[in-house]
Amino acid sequence: MFKINDNYLKLPGSYLFSTIGKKVNAYAAAHPEKKIIRLGIGDVTQPLAPAIITALHGAVDEMGKAETFKGYAPDLGYEFLREAIAENDYRARGCQIGADEIFISDGAKCDSGNIQEIFGPDNKIAVCDPVYPVYVDTNVMAGRTGVYDSASETWSDVIYMPCVAENDFAPELPGKTPDIIYLCFPNNPTGSAIKKAQLQEWVDYANKVGAVIIYDAAYEAYISEEEVPHSIYECQGARACAIELHSFSKNAGFTGVRLGFTVIPKELKCGDVSLHSLWARRHGTKYNGAPYIVQRAGEAVYSPEGKAQLKQQVAYYMNNAKYILEGLKEAGYTVSGGVNAPYIWLKAPGGMTSWEFFDFLLEKANVVGTPGSGFGPSGETYFRLTAFGSYENTLEAVNRIKGL
Ligand SMILES: *Cc1c(COP(=O)(O)O)cnc(C)c1O
């Protein structure tokens with residue numbers, strides 16, 4: 001008789017977006033005349049930039065001719081894309097990352113979920129609270145997190161690092177020593193960022209205690225402040241302790257196209273075993289590469305036209321972020337984020353819980369956001385709005401909230 005991986009049964013139901021969907025659908029059915037504005041889910045809305053569309057068309061045509069047809073991609077990804085990344089995301093910023101340390105994939109969600117496979121079952125993980133749920137849930141599936149306590153909504157073997165107003169939404173070095181530390185800056189869901197000196201502390205700490213940092217840089221393109229690092233490899237010593245994850249979803253609108261990459265420096269070792277070689281083995285065995293067509297589209301992200309067009313796209317969303325941030329401040333809300341990230345994180349007013357505020361906003365303003373409690377216990381009483389809507393909808397949503 002077969003047996004299942006019963007770690008899956010330990011997962012508490014992730015009802016966040018399905019509960020939101022149900023509540024919104026029920027409200028819409030009862031009030032068909034109301035125009036609901038959705039600033040909840042973290043998905044982009046602007047179409048792909050022209051430079052990317054041109055690259056996609058060109059690559060599709062290549063696939064239609066015997067002379068230029070491409071089959072399986074190289075294991076790590078095409079050289080043209082890995083070189084463009086090494087040059088633009090790293091060398092141009094003074095980071096020493098070689099093209100052969102970059103692994104192309106179909107997105108950062110998969111990579112952030114799969115990367116734990118190359119670590120043993122006994123590693124202790126540390127995560128920010130609130131957190132992007134993938135980091136914890138994939139470690140639950142691997143049996144690494146102990147017992148779930150539904151009262152505190154925490155796992156016995158996970159180290160939680162609260163990120164709340166009191167610490168400016170930046171985690172503090174944990175009391176217990178972790179083996180694997182997940183960090184994501186600029187952050188989803190809080191929209192907060194940390195300065196290079198703060199990240200350097202984490203790198204020094206990881207090197208001191210022998211931990212590895214998994215650094216999710218999915219929102220790097222939204223950084224507007226000078227002191228905020230774009231890559232963990234801007235920090236001294238990061239090559240010996242950090243893995244970095246990138247996505248083309250938020251900077252270039254690839255949420256439906258699918259492309260990302262993971263960087264593992266060759267110095268990153270456990271004894272004399274390099275993590276680079278383990279991930280290369282994993283990649284080669286379980287993955288057959290992002291499509292050629294999509295990797296050409298990724299290359300266009302780094303072309304002069306692509307860069308200029310995407311700068312505008314990011315600016316469009318950040319203009320929304322500014323409007324939300326300033327509008328809510330004027331309306332008396334306590335708000336943060338929205339400067340280096342497309343997320344605005346606000347405190348639910350009047351002692352409301354995050355779900356109470358969700359219902360209030362849906363019913364009174366017909367605006368949908370995301371309750372902070374869905375990202376972890378420290379998210380209770382907080383609420384996330386995204387800047388990924390259209391400008392017109394963002395304007396109207398903020399004006400409705402101001403009018404409450
Ligand atoms: C959106 C997002 C990603 C990107 O996921 P893709 O699979 O590349 O679309 C990764 N990490 C965080 C925290 C995100 O919010």
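Positions are given from 1, in the same order as the sequence printed here. Counting starts at 1 for both ligands and their atoms, following the listed order. The figures that follow rest on heavy atoms only: side chains count, while hydrogens, waters and symmetry mates do not.
Close contacts between ligand 1 and S249 involve ligand atoms 6 (P), 8 (O), 9 (O) [criterion: under 4.0 Å to a heavy atom]. Counting the atoms of ligand 1 from 1 in the order shown, those under 4.0 Å from a heavy atom of A218 are 3 (C), 10 (C), 11 (N). Atoms of ligand 1 found under 4.0 Å from any heavy atom of G107 (numbered from 1 in listed order, with element): 7 (O), 8 (O). Annotation for ligand 1: atoms under 4.0 Å from non-hydrogen atoms of R258 are 6 (P), 7 (O), 8 (O), 9 (O).
Ligand 1 has no N or O atom lying under 3.5 Å from any N or O atom of D106, backbone or side chain.
There is a side-chain donor-acceptor pair under 3.5 Å between Y219 and K250. Residues S112 and D216 have side chains that never bring a donor and an acceptor to within less than 3.5 angstrom of each other. Side chains of E87 and Y302: no donor on one and acceptor on the other come within 3.5 Å. With no hydrogens or angles considered, a side-chain donor-acceptor pair links K10 and N7 at under 3.5 Å. Side chains of N340 and E225: a donor-acceptor N/O pair is present below 3.5 angstrom, by distance only.
Summary of contacts: the protein heavy atom closest to atom 1 (C) of ligand 1 is K250 NZ, 1.2 Å. For atom 5 (O) of ligand 1, the nearest protein heavy atom (residue, atom name, distance) is K109 N, 3.5 Å. Given atom 15 (O) of ligand 1, the protein heavy atom at minimum distance is Y219 OH, 2.6 Å.
Judged by the shortest distance from any of its heavy atoms, C184 lies inside the 4.0 Å radius around the atoms of ligand 1. Contact annotation: D216 has at least one heavy atom less than 4.0 Å from an atom of ligand 1.
Contacts between F248 and ligand 1 below 4.0 angstrom, taking non-hydrogen atoms only, are absent altogether. Of the heavy atoms in A108, both backbone and side-chain atoms come closer than 4.0 Å to ligand 1.
Less than 6.0 angstrom separates the ring centroid of Y382 from the ring centroid of F169.
Figure legend: R282 and Y287 shown without cation-pi pairing, the cationic atom not lying both under 6.0 angstrom from the six-membered ring centre and within 45 degrees of its axis.
Remark: S150 pairs with no residue by the side-chain hydrogen bond (donor to acceptor under 3.5 Å, both in side chains) rule, at least two apart or across chains.
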